[in-house]
Number of protein chains: 2
Amino acid sequence: MTNDPLPVVSPSETQILRILWDIGSGTVQEVSDALPVGRNIAYATVQTLLRRLEKKGYITHTLAGKAHVFRPVVQKSAVIGSAVRSFVDRLFGGDPAALVHYLAKNHEISAHELEKLQKMIESVPQNKG
Amino acid sequence: MTNDPLPVVSPSETQILRILWDIGSGTVQEVSDALPVGRNIAYATVQTLLRRLEKKGYITHTLAGKAHVFRPVVQKSAVIGSAVRSFVDRLFGGDPAALVHYLAKNHEISAHELEKLQKMIESVPQNKG
DNA sequence: TACGATATCGTACATTTGTACAACTTGTCA
DNA sequence: TGACAAGTTGTACAAATGTACGATATCGTA
């Protein structure tokens, strides 16, 4: 199993990648359209971000008519996993519980939700991606 | 309440800032020494990062002998809060519960810890920074 | 008072990131 | 078959980031 550390995904790139995971695959146009309101990036910019993501090996494309249809070639979990890890390292000294503690203390997650999640892990011993 | 959005703190800067929060205050040398093992940055680089943090308004310094002693002037909570928010926005569509869900599913936090946190918020109705 | 150790300051420079225009290509329709 | 619309490609460029050297200032000491 070759396991080169994946290149950095910049914030903007991450946003694009998230969209692709959501919609499965899409043209530049479709990805543009799927951008959250309030986040306006020019068509050409989305295109550049897609180009860079492809170069970095996160997505690929096929031709459909004259347009490129992009789709992810990496698992969401892999990218998110490494992003979360480096984030937790930097801000919480590598302790995920400290992050959750922060969220709880600041009412970003409710007791009810924590309870639900707690039950979830208690009932499901193995992670399934 | 004036609430200018603080300038971005880069990853490396964040690491430095975290050290200052931990040790309270310190010279370039002291901050350098406090870097986690495996994270070697040249003295001069630490110095630059401290300079930039000061320029951005996150830290200040006083003179002690010939050395500058730096210390944070922003609350850890403010910086962490905005970092967490933008991180959750980008990767989890703004839903903190989705992040915790991820951590739980991937065994980065235990049921026991979740329970503890759950009890904590149930017993403490108000956040106190 | 001159010297070494230790600091800071000015500056630099390659990369990455965000953003995007202008030019060229290619289906499609009249 | 020729023009238009929609796409892609090449290229650009400022700002941020990571990294650090060389010059200069200063404290303590011989």
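Proteins come first, then strands; the chains are lettered A, B, ... in the order of their sequence lines, and each starts at number 1.
The stretch residues 45-54 of chain A touches DNA chain C through Thr45(A), Thr48(A), Arg51(A), Arg52(A), each having a heavy atom within less than 4.0 Å of the strand. At a non-hydrogen distance threshold of 4.0 Å, Val28(B), Gln29(B) from residues 24-42 of chain B come into contact with DNA chain C.
Every residue two or more places apart in sequence or in another chain was checked for a side chain to side chain donor-acceptor pair (under 3.5 Å) with Gln47(A), and none qualifies. With sequence neighbours left out, Phe87(A) forms a ring-ring contact (aromatic ring centres under 6.0 Å, His included) with Phe87(B). Remark: Phe92(B) pairs with no residue by the ring-ring contact (aromatic ring centres under 6.0 Å, His included) rule, at least two apart or across chains. Qualifying side chain to side chain contact (heavy atoms under 4.5 Å, CB included) partners for Thr60(A), counting only residues two or more places apart in sequence or in other chains: Glu54(A), Arg71(A), Val73(A). Scanning for ring-ring contact (aromatic ring centres under 6.0 Å, His included) contacts around His61(A) gives His68(A), Phe70(A), with sequence neighbours left out.
Contacts classified as side chain to side chain donor-acceptor pair (under 3.5 Å) and involving residues 33-44 of chain A (residues at least two apart or in different chains) are given here: Ser12(A)-Arg39(A), Gln15(A)-Arg39(A). Pairs engaging residues 80-97 of chain B under the salt bridge (charged side-chain N to carboxylate O under 4.0 Å, His left out) rule: none recorded [sequence neighbours left out]. Residue pairs meeting the salt bridge (charged side-chain N to carboxylate O under 4.0 Å, His left out) criterion with at least one partner in residues 13-32 of chain B, sequence neighbours excluded, are Glu13(B)-Lys56(B).
Tracing side-chain contacts under 4.5 Å through hydrophobic residues (I, L, V, M, F, W, Y), one reaches Val74(A) starting from Val9(A); they form part of the same cluster.
Side chain of Ser123(A) to backbone of Lys119(A): a donor-acceptor contact under 3.5 angstrom is found. When atom types are taken as modelled, the side chain of Tyr58(B) and the backbone of Leu50(B) share no donor-acceptor pair closer than 3.5 angstrom.
Judged by distance alone, the side chains of Ser32(B) and Gln29(B) never bring a donor and an acceptor atom under 3.5 Å apart.
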For nucleotides 24-30 of chain D, which of its nitrogen or oxygen atoms have a protein nitrogen or oxygen under 3.5 Å away, and what is each distance?
none

Which pairs, protein N/O on one side and nucleotides 28-30 of chain C N/O on the other, fall under 3.5 Å?
none

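Along DNA chain C, the nucleotide nearest Lys56(A) and the nucleotide nearest Leu63(B) are compared for position; the residue whose nucleotide lies closer to the 5' end is Leu63(B).
The side chain of Ser12(B) places an N or O atom within less than 4.0 Å of a non-bridging phosphate oxygen (OP1 or OP2) of dG18(D).
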